[in-house]
**Student:** 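My questions all concern the structure below.
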There are 2 protein chains.
Amino acid sequence: MPHAIFYEAFEEEEKILRKVLPKGYKYLFTWKTIQESGHKTPPAKIISTRTQSKFPIGWANKLDAIITRSTGYDHVSDYLKMTRADIDAAYLPEYAARAVAEQALIMWTALLRNLSSQRNSFNTFFRDGLTGREIRNRRITVIGVGRIGGEVVDIANGLQMKILGVDIKPRTEMKKKYGLKYVSLKQGLKNADVAICALPLTDITRGMLGYTALKAMPNGSIYINVGRGEVSPTQDLFRLLKECRLGGIGLDVFEFEKELVSVLRDGEKIATLKPAARKSVTAVLELMKDQRVILTPHNAFNTEESVERKSLRTAENLAAYLKTGKFKTPII
Amino acid sequence: MPHAIFYEAFEEEEKILRKVLPKGYKYLFTWKTIQESGHKTPPAKIISTRTQSKFPIGWANKLDAIITRSTGYDHVSDYLKMTRADIDAAYLPEYAARAVAEQALIMWTALLRNLSSQRNSFNTFFRDGLTGREIRNRRITVIGVGRIGGEVVDIANGLQMKILGVDIKPRTEMKKKYGLKYVSLKQGLKNADVAICALPLTDITRGMLGYTALKAMPNGSIYINVGRGEVSPTQDLFRLLKECRLGGIGLDVFEFEKELVSVLRDGEKIATLKPAARKSVTAVLELMKDQRVILTPHNAFNTEESVERKSLRTAENLAAYLKTGKFKTPII
């Protein structure tokens, strides 16, 4: 029996993990989620996932430990609470803030300059409808100025954009270093050519940037979500685009992401989903058809640099656990 | 008879030109080039084009003036030299350096992060092969540090990249403001994760960044051309990509651009082109199929801000000419 199995490990990640994991143990790797793997019982006492696996109830008393290779760990906490199982668990401290902020950069710059339309027009070399907006001096509002949002401010500042910040806890260092002006959400959205959501999911943020909030933005403005999908219901975003209130949307995160994956990757029928998930996934499928939209598969973290940091932190946790029975960054 | 006709005027440009051109005169607009228009004789004594129109020999003695709505004007000079016609001519001083540099930014960031693959993988939500490279701390070499290249340095500096410059005339101000280090072309290419060509076309630069020069770059590096297409033969770029020496290519300019347009927009058969043009256009058609390549239709200048500046400068030239018989920025 292997010592640990790694679910949801894509090719490049597996390669680096194999290099850095403690030697002398046996590991299994699969790109599949637990449910996609079809495993009836856990193939190892220690399992590691990202955020798309559903932990089976019946596995609770068969596991010693879970490592989620993600910064967020609600899905693990919920499982432990529900099963009341005696399982050690670990998450990874932040490892990809710059990578995520740079993914947002790629989205907002490509959308300001209509990159999709530009490329699609190459076939005919026509320029009608391709006029973009310059990035320098454009107004950008960063909603959630934590680790990721802070990096977004740093990037926008480097590009000489006009930046506003929205956060429940304004940081003096951001004011000092960037002259960042914190404003209310309403003020921030009213004055944004580009709005970046870098919020975590909490009781307050769930659904916070929906139709009512975002329609305060100027017509034609751009909305990017690299925080959590649940902050912006997808139907609302689709409606804002259809009504031409939003002129561009970039999403790397999605509400009902598990269900979305099951439809896109595994061919599950939309009709079998529960109503709320069905509406949301249907809206994503609509967004996929529009060239004013950039959708990426929860991949903002995915750079060589961050995959390496992530694998190292996973290895450190596993090594500590195998040696002492305690994780380095445990979920408590 | 109208006072002036504007060829190659796309929708947004025509709209702004109509607003700012001198009042009390009659103007014609078309998105077509002269050859696409089918005009046998000039419909006005003053004609304005961009760079894709071929001036008919027979028009030389029927024209009073030509305004090219571009910064480059070789095509006009060549025509005037060949026909020895007594035609006043004007070009536009630089109006789009920042817009062009920002187009380069969009290309190099999208290519470093495999944006095309990321978007294409959304259908399946798979992450294999999507690992990108972080932008901060990456090495970028700017070849041709003039107006556009200078803006590229400014942007790369804002993103905290490691920058080298290549130019026959190093500028002290670039060293002072950005700590820019000037190196030889060879050194610059050997140490570039990303190379940006912002060169003008001269006897020296023609073909300068071909196969032999660019194969000095590290494997998997990225090449962007927003300068002049003739600097980098397209077959060479295709070969470098096929051999995986280059990992990404972004082009907004093309050698044999007139011929490329005639094939893509007007459906001219490749077989009818002269051999050199045929090879080049064929290579572009190959590049179009590859997701490591971003091609845009000579559109880097095209922002609201620069189209407005451009239209204003066109209008100023025309107003001066109509009033005094002399252009504000004449081609001498």
**Student:** Sort A/Leu295 into side chain, backbone, both or neither according to what part of it lies under 4.5 angstrom from a heavy atom of chain B.
**Tutor:**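 For A/Leu295, backbone and side chain are both near chain B.
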**Student:** Let me know which of B/Arg136, B/Arg138, B/Arg133 forms a salt bridge (charged side-chain N to carboxylate O under 4.0 Å, His left out) with A/Glu305.
**Tutor:**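 Exactly one pass, corresponding to B/Arg138.
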**Student:** Count the heavy-atom pairs under 4.5 Å between each of A/Gly267, A/Ser121, A/Gly129 and chain B, then report the option with the highest count.
**Tutor:**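 So the answer, after comparing A/Gly267, A/Ser121, A/Gly129, is A/Gly129.
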**Student:** Side chain, backbone, both or neither: which part of A/Gln160 has a heavy atom under 4.5 Å from chain B?
**Tutor:**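 Only the side chain of A/Gln160 comes within 4.5 Å of chain B.
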**Student:** If you count heavy-atom pairs under 4.5 Å between each of A/Ile294, A/Leu115, A/Val307 and chain B, which one has the most?
**Tutor:**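 It is A/Ile294.
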**Student:** Let's test your reading of the structure: which of A/Leu105, A/Leu260, A/Thr296, A/Thr109 forms the most heavy-atom pairs below 4.5 Å with chain B?
**Tutor:**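 Result: the option with the highest number of such pairs is A/Thr296.
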**Student:** Between B/Phe254 and A/Phe122, is the ring centre distance below 6.0 Å?
**Tutor:**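 For B/Phe254 and A/Phe122, the ring centres are under 6.0 Å apart.
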**Student:** Taking every non-hydrogen pair under 4.5 Å, which of A/Val261, A/Asp266, A/Ile135, A/Leu112 racks up the most with chain B?
**Tutor:**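 The candidate making the most pairs under 4.5 Å is A/Ile135.
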**Student:** Looking only at the side chains, is there a donor atom on one of A/Glu286 and A/Thr282 sitting less than 3.5 Å from an acceptor on the other?
**Tutor:**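 No - no donor-acceptor pair under 3.5 Å links their side chains.
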**Student:** Would you please say whether a donor-acceptor pair under 3.5 Å links the side chains of B/Ser48 and B/Arg69?
**Tutor:**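 Yes - a donor-acceptor pair under 3.5 Å links their side chains.
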**Student:** Heavy-atom distance under 4.5 Å between the side chains of A/Thr33 and A/Tyr7, does that happen here?
**Tutor:**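 They are not in side-chain contact.
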**Student:** Side chains of B/Glu308 and B/Ser311: any donor to acceptor distance under 3.5 Å?
**Tutor:**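 No.
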**Student:** Could you have a look at B/Phe125, B/Phe10, B/Phe301, B/Phe126 and say which one has the most heavy-atom pairs with chain A under 4.5 angstrom?
**Tutor:**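 Greatest number of close heavy-atom pairs with chain A: B/Phe125.
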**Student:** Do you know which of B/Thr124, B/Leu159, B/Leu130 has the most heavy-atom pairs with chain A at a distance under 4.5 angstrom?
**Tutor:**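 Between B/Thr124, B/Leu159, B/Leu130, the count favours B/Leu130.
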**Student:** What residue in A/Arg119, A/His298, A/Glu257, A/Glu11 has the most heavy-atom pairs under 4.5 Å with chain B?
**Tutor:**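 The candidate making the most pairs under 4.5 Å is A/Arg119.
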**Student:** Where on A/Glu14 is there a heavy atom nearer than 4.5 Å to chain B: the side chain, the backbone, both, or neither?
**Tutor:**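 Neither the backbone nor the side chain of A/Glu14 comes within 4.5 Å of chain B.
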**Student:** What part of A/Met288 lies closer than 4.5 angstrom to a heavy atom of chain B: side chain, backbone, both or neither?
**Tutor:**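 The side chain, not the backbone.
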**Student:** In terms of heavy-atom proximity below 4.5 Å to chain B, should A/Val263 be classed as side chain, backbone, both, or neither?
**Tutor:**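 Looking at A/Val263, nothing touches chain B.
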**Student:** Would you check if there is a donor-acceptor pair between the side chains of A/Thr131 and B/Glu304 at a distance under 3.5 Å?
**Tutor:**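 No, no side-chain donor-acceptor pair sits under 3.5 Å.
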**Student:** Can we say A/Arg139 and A/Glu134 salt-bridge, meaning some charged N sits less than 4.0 Å from an Asp/Glu carboxylate O?
**Tutor:**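 No, no charged N to carboxylate O under 4.0 Å.
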**Student:** Could you go through the side chain to side chain contact (heavy atoms under 4.5 Å, CB included) check for A/Val20 and A/Thr314 one step at a time?
**Tutor:** CA-CA 9 Å; A/Val20 297; A/Thr314 303; over 6 Å; no
**Student:** Let's test your reading of the structure: which of A/Arg98, A/Gln103, A/Glu13, A/Glu8 forms the most heavy-atom pairs below 4.5 Å with chain B?
**Tutor:**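 Counting heavy-atom pairs under 4.5 Å, the top option is A/Arg98.
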**Student:** For chain A, find which of B/Pro297, B/Ser306, B/Gly158 contributes the most heavy-atom pairs closer than 4.5 angstrom.
**Tutor:**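 The answer is B/Pro297.
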